[in-house]
Number of protein chains: 2
Amino acid sequence: MTEYYSQHDRLFVAVDCIIFGLNHGDLSLLLTKRRFEPEKGKWSLMGGFVEADESVEAAAQRVLHDLTGLHDVYMEQVGAFGAVDRDPGERVVSVAYYALINFDDLDREAMEKLDARWIGINELPPLCFDHPEMIAKARRALRRRFSTEPAAFRLLPKLFTMSQMQSLYETILDEEVDKRNFRKRVAELRCVVPTNLIDKRGSRRGARLFRFDVEEFRQHPQFKL
Amino acid sequence: MTEYYSQHDRLFVAVDCIIFGLNHGDLSLLLTKRRFEPEKGKWSLMGGFVEADESVEAAAQRVLHDLTGLHDVYMEQVGAFGAVDRDPGERVVSVAYYALINFDDLDREAMEKLDARWIGINELPPLCFDHPEMIAKARRALRRRFSTEPAAFRLLPKLFTMSQMQSLYETILDEEVDKRNFRKRVAELRCVVPTNLIDKRGSRRGARLFRFDVEEFRQHPQFKL
DNA sequence: TCAAAAGTGTTCAGGGTACACCCATGG
DNA sequence: CCATGGGTGTACCCTGAACACTTTTGA
């Protein structure tokens, strides 16, 4: 390869994944304890380095795959973090992504092998580097996304109740929502369809289960909540 | 320095600046012709490499300064672009920023020395690499920014008419706006204050000049358009 | 029988949108 | 005197917010 730019420095480029999931109804992040220096033993987002022959996006998918066993997960870039001393060990520029995964279909083994744990979004421990800043920015991006696109259905189980969906929205928007107004708005979305199934686990009376209809959404891509 | 991560690859990291300005009332980008290979001679965003001892943000400010002579310019990160072959010459990960600059106070000399030109946002020539994609993403970010924050005043001259401001919003939102409704909304913003001056250049009758009151905005940071 | 969550409509106000005509002036 | 851009007010609709009681059933 011709060395056009050889008078310039090369830097480590990393990715960090902010992995959102619903752990028994609670919006949570999948975190690990760092297994190497610097800051070994501290809580951390799952990260990895971008190698010369893979795109940044592909590196993020690879890191996520190693931890969860999942392929083709929905991810969105949060941004690049490039302070000189953000990693005290070396100069590393990191690109953060958030991922929305379905709690049910992740690979427990891979997860446990890497010492990963779900931690509630409002109970986060101290984290290494600038990871708290990445998380804050990811939450803002998520809020925008959730009010304009059907993203909740990537976190919710295939069948879900209105209470589950509302509680998820309340956590992400970080504000309480009126139950009747919420259900009224959802009822107008043709892509959220009721089933005949009742979930008896959450209450004596039981709650109707809904599902997200991808095909219907493709045809009527209106969404607002 | 300890080499914690030495088994991984190091990559070139660059910044590219999407420089918005009002060139005689038209929203425009400051573009240059590439002065080196690859794609020498093609139109390009102004870019540069991030060196080991400067933050990514600082690199963007440096690149912008070299071209415009300006310091402390308002910039917002657009995102990282990391496809393997985005630069056909070498593996380069680039972080894009957009900047809003005041057409009046830029340094013509630096600009001409680098063969830079203002080109209307709707008359862009073919550009090198993934720069069109960066610009598209920057325009989306700009649209969000303009509807929730007083950013227009970084592009407009210190004194401006309602027609100028409206036309700027129309270009950025990419839709026509009702004149009376627009003025009504602006009138409610305490940070946009009328002066007694009249601009006679644009019409026979003359148009009232307004200014943006930073201090007033600090005290009443409400803004919506 | 009671506790605990599910489910259900209406009213009201404020904001957003649509809309057309006169004004001032330089040439 | 006329062409050109500057400037102004109202009516209506519709969306978004507030708000409380009944239902079901397992324990």
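Just so it is clear: chains get the letters A, B, ... in the order the sequence lines come, proteins before strands, and each one is counted from 1.
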Output all residues satisfying salt bridge (charged side-chain N to carboxylate O under 4.0 Å, His left out) with A:D87, sequence neighbours left out; order by chain, then residue number.
none
Identify each atom pair where a protein N or O and an N or O of nucleotides 4-7 of chain C are less than 3.5 Å apart, giving names and distance.
| residue | atom | partner | partner atom | Å |
| --- | --- | --- | --- | --- |
| C:dA6 | OP1 | A:S163 | OG | 2.6 |
| C:dA6 | OP2 | A:S163 | OG | 2.9 |
| C:dA6 | N3 | A:R205 | NH1 | 2.7 |
| C:dG7 | OP1 | A:R208 | N | 2.8 |
| C:dG7 | OP2 | A:R183 | NH1 | 3.1 |
| C:dG7 | N7 | A:K179 | NZ | 2.8 |
| C:dG7 | O6 | A:K179 | NZ | 3.1 |

B:K42 NZ/CZ over B:F129 ring centroid, <6.0 Å and within 45° of normal
no
Salt bridge (charged side-chain N to carboxylate O under 4.0 Å, His left out) against B:R208, all qualifying residues, sequence neighbours excluded:
none
Contact list for residues 175-198 of chain A, test salt bridge (Lys or Arg N to Asp or Glu O under 4.0 Å), sequence neighbours left out
A:R190-A:E216
Side-chain donor/acceptor pairs under 3.5 Å, residues 101-128 of chain A, sequence neighbours excluded:
| residue | atom | partner | partner atom | Å |
| --- | --- | --- | --- | --- |
| A:N102 | ND2 | A:L156 | O | 3.3 |
| A:D107 | OD1 | A:E109 | N | 2.9 |
| A:D107 | OD1 | A:A110 | N | 3.3 |

Using residues 192-199 of chain B as the side-chain source, report each donor-acceptor pair under 3.5 Å to any protein atom, sequence neighbours left out, with the distance given to one decimal.
| residue | atom | partner | partner atom | Å |
| --- | --- | --- | --- | --- |
| B:T195 | OG1 | B:L197 | N | 3.1 |
| B:T195 | OG1 | B:L209 | O | 2.7 |
| B:D199 | OD1 | B:R201 | N | 2.8 |
| B:D199 | OD1 | B:R201 | NE | 3.2 |
| B:D199 | OD2 | B:R201 | NH2 | 3.1 |

N/O-N/O pairs, protein side and nucleotides 14-16 of chain D side, under 3.5 Å:
| residue | atom | partner | partner atom | Å |
| --- | --- | --- | --- | --- |
| D:dG16 | OP1 | A:K224 | NZ | 2.9 |

Report yes or no: is there a donor-acceptor pair, N or O only, under 3.5 Å between the side chain of A:R180 and the base of D:dA17?
no
Within residues 124-133 of chain A or reaching into it, pairs that qualify as salt bridge (Lys or Arg N to Asp or Glu O under 4.0 Å) - sequence neighbours excluded:
A:R86-A:D130
Whole Å only: how far is the CZ atom of B:R201 from the P atom of C:dT25?
18 Å
Applying side chain to side chain donor-acceptor pair (under 3.5 Å) to B:S94 and not counting sequence neighbours gives B:D16
